[in-house]
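Beneath this line is the structure, given in C-alpha cells, with notes to follow.
Values reported hereafter were calculated over all heavy atoms of this structure, with side chains retained and with hydrogens, waters and symmetry mates removed.
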Amino acid sequence: ATFTADVAESLRANGHDVVVAAMVDEADDLAPGATYRIQQSSHASATSVALALSTDVEVVLVEHEFGIFGGDSSVLASFTSALSVPYVITMHTVLGPFEAWQREALAEPLAGAALIFAFSEQAVALLVEQFVDVAPRCRVVPHGSPTAMYRSKDPELRRVVGLPKDAKVMTTFGLLS
C-alpha cells in the first residue's frame, strides 16, 4: 500500500489523474482512497473492475505480490485479460526459480504487459531467465531509501535522528518477518 500511495502521490504531483483499485479480502471491506475494490479471490470481481478501468483510464499500473491476487495469483490473469488499455506490472517479489504454479499464474499477465518493472537488475535477470520474451519490456525502478539519505555524515542530521557521530547506518526496505 505504501508503494502504491507513493506512486499515486507522485503522479498527482505531476498533473496526472489517478484512480486506485484495491485488493480486499471481502467485497464489503473498506479500502480508503480506492475508487474500485477487487475481492481477492473473485475472478468476477477482477473482470468487472478491469472492464470499468478500461473506460476510466489510459493505462493501468498493477502492483504484483504473491498472496495479494488470491494466493495463487490466478485472479491476476482474469484482471489483465479483461483490460482493453495497456498495463504495466511492478513485480514486488521476483523469485528464482518460481514454482510451477507461480510461473503459470504470471505467464499470461507478463506476456500482455506493455512494461514490467522490478526493483533491481538481479530481479530483472531472474524474470528474463524464466520468461525470455519479457526482456525488451523489463525496466529497473529502484525502490528503497535514496542513497543521499545514508551518504550524509552531517552531524546535525545525525543529532536530529539520534545517531552517534560515528555510528554505522544500515537501511532496508520490504517486508521483513
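For the atom pair CD of Gln39 and OG of Ser48, the computed distance is 11.5 Å after rounding to the nearest 0.5 Å. In this structure, the separation between CZ on Arg137 and CG on Leu127 is 10.5 Å, given to the nearest 0.5 Å. One finds the CG atom of Leu76 at 10.5 Å from the NE2 atom of His43 (value rounded to the nearest 0.5 Å). The line from OG1 of Thr35 to CG of Asp56 is 7.5 Å long, rounded to the nearest 0.5 Å. Expressed to the nearest 0.5 Å, how far CZ of Phe98 lies from CZ of Arg103 amounts to 8.5 Å. Rounding to the nearest 0.5 angstrom, the gap separating the OG1 atom in Thr90 from the CD atom in Glu63 is 4.0 Å.
Side chain of Ser10 to backbone of Asp6: no donor-acceptor contact under 3.5 angstrom is found. Judged by distance alone, with hydrogens and angles left aside, the side-chain atoms of Glu104 form no donor-acceptor pair with the main-chain N or O of Ala100 at under 3.5 Å.
Atom CG of Asp133 sits in a crowded spot, with more than 12 heavy atoms from other residues, nucleotides or ligands closer than 6.0 Å.
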Inset, instruction - Could you go through the side-chain contact (heavy atoms from CB on, under 4.5 Å) check for Ser120 and Val124 one step at a time? - result: CA-CA 6 Å; Ser120 69; Val124 167; over 6 Å; no
Inset, instruction - Would you sort out whether Val20 and Tyr36 count as a side-chain contact (heavy atoms from CB on, under 4.5 Å), showing the intermediate values? - result: CA-CA 6 Å; Val20 175; Tyr36 300 101; over 6 Å; no
Inset, instruction - For the pair Phe131 and Leu106, evaluate side-chain contact (heavy atoms from CB on, under 4.5 Å) and give the outcome as yes or no after the intermediate values. - result: CA-CA 9 Å; Phe131 301 95; Leu106 288 173; 3.9 Å; yes
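In this structure, Glu156 pairs ionically with Arg159, as a charged nitrogen and a carboxylate oxygen lie closer than 4.0 Å.
No side-chain heavy atom of Val88 sits less than 4.5 Å from a side-chain heavy atom of Val62.
Minimum interatomic distance between Val85 and Ser54 (heavy atoms only, all atoms of both residues): CG1-O, 3.6 Å. Taking all atoms of both residues into account, the shortest heavy-atom contact from Glu58 to Pro86 is O-CD, 3.4 Å. Nearest heavy-atom pair across Ala123 and Val94 is O-CG1, 3.4 Å. Here the closest heavy-atom approach between residue Ala82 and residue Thr47 is recorded as CB-CG2, 3.9 Å. Nearest approach of Ser41 to Val75, heavy atoms of both residues: C-CG2, 3.9 Å. Residues Ile116 and Met91 share a closest heavy-atom pair of CG2-CG, 4.0 Å.
Residue Phe79 is not grouped with residue Leu51 when hydrophobic side chains (ILVMFWY) are merged at heavy-atom distances under 4.5 angstrom, including chains of intermediate members. Hydrophobic cluster membership is shared by Val128 and Val140, with clusters built from Ile, Leu, Val, Met, Phe, Trp and Tyr side chains linked at under 4.5 angstrom.
A side chain to side chain contact (heavy atoms under 4.5 Å, CB included) with Tyr87 is found for exactly one of Leu53, Val57, Val60, namely Val60.
Here Glu99 pairs with Trp101, Gln102 under the side chain to side chain contact (heavy atoms under 4.5 Å, CB included) rule; sequence neighbours left out.
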